[in-house]
Amino acid sequence: MVRVPGIIAAFWMAKGLSTALGEGASDYLVQAMAPQLAVVLGFIAFLVALVVQFRQARYRAWTYWFAVAMVGIFGTMAADVMHVALGVPYSVSSALYAVLLLAVFWLWRRTEGTLSIHTIDSPRREAFYWATVVATFAMGTALGDFTAFTLHLGYFASAAMFAALILIPAVGYRWLSWNPVFCFWAAYVITRPLGASIADGLGKSRSAGGLGFGDGPVALVLLALIVLIVAYLSVTRADVQRAPEAAADPEAAAVR
């Protein structure tokens, strides 16, 4: 049984909201309690979510999106620790996480023969999938901060830039016959800095370039929207994938 969702409009909506939730919730938690405690609790929640997800024999919307949300929160914390606690510049942390992401892609492709989400039907393949997701969240957080602070674009200009960039794989897939696996992961990576920039723009104070709604309230609204989407997916099962027919040819199955 395929262990991750199919790609429909609701997937991208939930993914975008979860990236923003990770940013807002992480920033709120490290301010509401001791940052060290917040990171430890985030790591524990991250592990619990993955254990629950891996115990499922097939895709279930609630456990999957719970794992995505926890990955988003902890991935944000991991990226922030690199800069705040260790003093690593955003440009360096963005590059380091990009290298990590490429390494995971390379190992996954070398081991399984494909990066297609339509072939994730075993714990090992799912482990590669979640390693990729963690790397995309960490890199996207650092990249969003890099454009907002290091390049001095601010939150909303950064969001506009990433919104334009995410159209490139969408157009390539829809009209230029680009490889669907490449287009999916390119868009997936870009959703992270896009969502993070929007969440920061909404939550941060006006003096910091945001609208001042507060990280906590923004995170709660995002969480409520995600719950509504996941409830819809749980009832309709609209994103449940069928196992690929061409099991012996994973790349052919990916195109399907």
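Along the sequence shown, the residues carry numbers beginning at 1.
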Nearest atoms (heavy-atom pairs only) where Y155 meets A148: CD2-CB, 4.1 Å

Check: L211 and F156 side chains under 4.5 Å, non-hydrogen atoms: yes

Under 3.5 Å donor-acceptor, Q241 side chain and V4 backbone: yes

With Y59, the ring-ring contact (aromatic ring centres under 6.0 Å, His included) member among Y64, W65, Y129: Y64

Separation of K204 NZ from E23 CD (nearest 0.5 Å): 6.0 Å

Derivation and outcome, side chain to side chain contact (heavy atoms under 4.5 Å, CB included), residues F162 and L165: CA-CA 5 Å; F162 291 120; L165 287 175; 4.0 Å; yes

Main-chain N/O of W108 paired with T111 side-chain donor or acceptor, under 3.5 Å: no

More than 12 heavy atoms from other groups under 6.0 Å of CZ on F54: yes

Inter-residue atom distance L21.CG - Y28.OH, 0.5 Å rounding: 13.5 Å

V51 with W62, same ILVMFWY side-chain cluster at under 4.5 Å: no

Considering all heavy atoms, the nearest V39-M77 contact: CA-SD, 3.7 Å

Co-membership, hydrophobic cluster, residues L176 and V181, 4.5 Å side-chain: yes

Heavy-atom pair of closest approach, residues R192 and G72: NH2-O, 4.1 Å

Heavy-atom check, side chain of D80 versus side chain of D145, under 4.5 Å: yes

Polar side-chain atom of Q56 near backbone of V52 as donor-acceptor pair, under 3.5 Å: yes

Linked, directly or transitively: L102 and F182 (ILVMFWY side chains, under 4.5 Å): no

Side-chain touch W178/V171, heavy atoms, less than 4.5 angstrom: no

Test item: R109 and F105 side chains (from C-beta on) under 4.5 Å apart, heavy atoms: no

Exam field: side chain R206 to backbone G210, donor-acceptor pair closer than 3.5 Å: no

Atom pair CZ/CD of R124 and E112 - distance to nearest 0.5 Å: 4.0 Å

Connected via hydrophobic side-chain network under 4.5 Å: F11 and V68: yes

W185 side chain to T132 backbone, donor-acceptor under 3.5 Å: no

Minimum-distance pair of heavy atoms, taken over all atoms of Q53 and A67: CB-CB, 4.2 Å

Crowding at CZ, F128 (>12 non-hydrogen neighbours, <6.0 Å): yes

Nearest heavy-atom neighbours spanning G24 and A219: C-CB, 4.1 Å

Gap between atom OG of S205 and atom CG of D215 - 0.5 Å precision: 9.5 Å

Minimum heavy-atom distance P5-I117, with the two atoms named: O-CD1, 3.8 Å

Axial cation check for F137 ring with K15, 6.0 Å and 45° limits: yes

Run the side-chain donor-acceptor check on residues 86-100: report pairs under 3.5 Å with partners two or more places apart or on a different chain.
unit_1 : atom_1 : unit_2 : atom_2 : d
S93    : OG     : P89    : O      : 3.3
S93    : OG     : Y90    : O      : 3.1
S94    : OG     : Y90    : O      : 2.7
S94    : OG     : A142   : O      : 3.3
S94    : OG     : L143   : N      : 3.3
Y97    : OH     : A78    : O      : 3.3

Euclidean distance, F74 CZ relative to L41 CG, rounded to 0.5 Å: 11.5 Å

L233 vs I8 side-chain heavy atoms within contact, under 4.5 Å: yes

Hphob cluster co-occupancy, L220 + I73, side-chain heavy atoms under 4.5 angstrom: no

F213 atom CZ: more than 12 heavy-atom contacts under 6.0 Å: no

Heavy atoms of other groups near F149 CZ, more than 12 under 6.0 Å: yes

I226 side, atom CD1; M13 side, atom CE - distance, nearest 0.5 Å: 11.0 Å

